[in-house]
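Step one of this worksheet: look at the structure below.
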Amino acid sequence: MSYPYVYSTDAEIQYDAKGVSMKEMPLDKDFPDIQKCGIKFYRCNVKAGCTVNPKLDPENIVLLIFNGKRAYIRSGCESFDVVEPSFFIPDFDKQAYTVGAVEDTEFILGVFGMNEWDKEQFRHWHKHLPFFKKNTDGVQYDQSCKKPGTRSWSILQGMQLGHVTIGVVHAIGAGTDEKGHPEVHQWNYCLGNSDFDLDVEGELAPQKPGDFSFIYGGKDHKLLAKEGKEVFYVWVEFYSDEDLTEYNYSSVHNESPKEAYARMLAKK
């Protein structure tokens with residue numbers, strides 16, 4: 001059976017008069033709890049030499065994921081060059097920003113609602129905004145669910161900004177084989193020369209550059225490339241619990257995932 005929660009890249013992009021295309025990718029129609037969180041994703045394409053000024057949002061976290069084509073971001077007196085897969089989070093509505101394309105470029109624009117826990121934590125501590133990071137500036141990490149030869153980078157760690165966490169995975173002939181994680185939902189954006197299979201509990205979807213997918217929290221999943229083929233994707237995760245006090249406690253007290261899970265189970 002084919003896995004249904006995938007938006008494939010468009011074969012032909014329909015640009016407007018300004019050389020911009022923006023299309024929503026609603027993958028949450030079967031998940032009311034995701035809809036409740038106010039999460040939206042849009043595929044944005046900009047022709048070379050053109051610019052776009054994304055709408056400012058005073059209430060929600062906005063994330064831009066660039067596919068690595070050459071582009072730039074101007075935000076007040078700051079300027080950021082996109083020369084590889086990169087990430088940008090504006091400071092809500094405090095500063096307008098412009099995205100310009102040096103060559104035909106694509107980025108995913110994600111919008112994430114903030115609940116009362118997020119807002120309270122944000123008042124005390126949060127990642128400095130605006131935030132910009134290139135893929136290779138991420139913190140490299142190893143994980144048991146990754147096949148040998150797979151490289152992973154952390155871009156935004158959990159609870160640094162609301163319920164959102166971000167990372168990147170790359171491999172040739174390898175990838176991820178992971179048991180379901182009920183604590184987070186996951187979206188994936190394919191980069192580079194991706195040519196691999198997404199397998200969610202036996203439902204398959206071949207993946208290529210630009211494809212965008214959703215995995216509901218708790219579903220076992222594999223993102224694996226055959227020999228000589230590339231797996232290269234951004235993952236965006238969103239915590240499923242509304243209140244992350246327990247997760248925050250685990251971080252502060254340096255608990256292992258096993259210790260934290262056991263403690264939280266004991267409280268239920």
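Ring centroid separation for the pair Tyr72 and Phe80 does not come in under the 6.0 Å cut-off.
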Under 3.5 Å, which donor-acceptor pairs link side chains of residues 92-104 to any protein atom two or more places apart or in another chain?
from: Thr98; atom 1: OG1; to: Asn53; atom 2: ND2; distance (Å): 2.5
from: Glu103; atom 1: OE2; to: Arg70; atom 2: N; distance (Å): 2.9
from: Asp104; atom 1: OD1; to: Ala48; atom 2: N; distance (Å): 2.8

Run the side-chain donor-acceptor check on residues 130-139: report pairs under 3.5 Å with partners two or more places apart or on a different chain.
from: Thr136; atom 1: OG1; to: Glu84; atom 2: OE1; distance (Å): 2.9
from: Thr136; atom 1: OG1; to: Glu84; atom 2: OE2; distance (Å): 2.9

Could you go through residues 185-195 and list every donor-acceptor pair under 3.5 Å that involves a side-chain atom there, pairing it with any protein atom two or more places apart or in another chain?
from: His185; atom 1: ND1; to: Gly217; atom 2: N; distance (Å): 2.8
from: Gln186; atom 1: OE1; to: His181; atom 2: NE2; distance (Å): 3.1
from: Gln186; atom 1: NE2; to: Asn188; atom 2: OD1; distance (Å): 2.7
from: Asn188; atom 1: ND2; to: Ser213; atom 2: OG; distance (Å): 3.2
from: Tyr189; atom 1: OH; to: Glu106; atom 2: OE2; distance (Å): 2.6
from: Ser194; atom 1: OG; to: Leu191; atom 2: O; distance (Å): 2.7
from: Ser194; atom 1: OG; to: Phe232; atom 2: N; distance (Å): 3.4
from: Ser194; atom 1: OG; to: Phe232; atom 2: O; distance (Å): 2.8

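Every residue two or more places apart in sequence or in another chain was checked for a side chain to side chain donor-acceptor pair (under 3.5 Å) with Glu237, and none qualifies. With sequence neighbours excluded, the residues forming a salt bridge (Lys or Arg N to Asp or Glu O under 4.0 Å) with Lys40 are Glu24, listed by chain and number. Under the side chain to side chain contact (heavy atoms under 4.5 Å, CB included) criterion, Cys50 pairs with Val46, Lys47, not counting sequence neighbours. Under the rule for a side chain to side chain donor-acceptor pair (under 3.5 Å), the partners of Trp235 that lie at least two apart in sequence or sit in another chain are Tyr141. The side chain to side chain donor-acceptor pair (under 3.5 Å) check on His128 picks up nothing, with sequence neighbours excluded. For Gln140, the side chain to side chain contact (heavy atoms under 4.5 Å, CB included) partners are Arg151, Trp153, not counting sequence neighbours. Not a single salt bridge (Lys or Arg N to Asp or Glu O under 4.0 Å) links Lys29 to another residue, sequence neighbours left out. Applying the salt bridge (Lys or Arg N to Asp or Glu O under 4.0 Å) criterion to Lys219, with sequence neighbours excluded, gives Glu201. Qualifying side chain to side chain donor-acceptor pair (under 3.5 Å) partners for Lys23, counting only residues two or more places apart in sequence or in other chains: Asp10.
When all heavy atoms of His124 and Glu120 are compared, the pair lying nearest together is NE2-OE2, 2.9 Å.
We find that Asp33 and Lys36 are not joined by a salt bridge, their nearest charged nitrogen and carboxylate oxygen being 4.0 Å or further apart.
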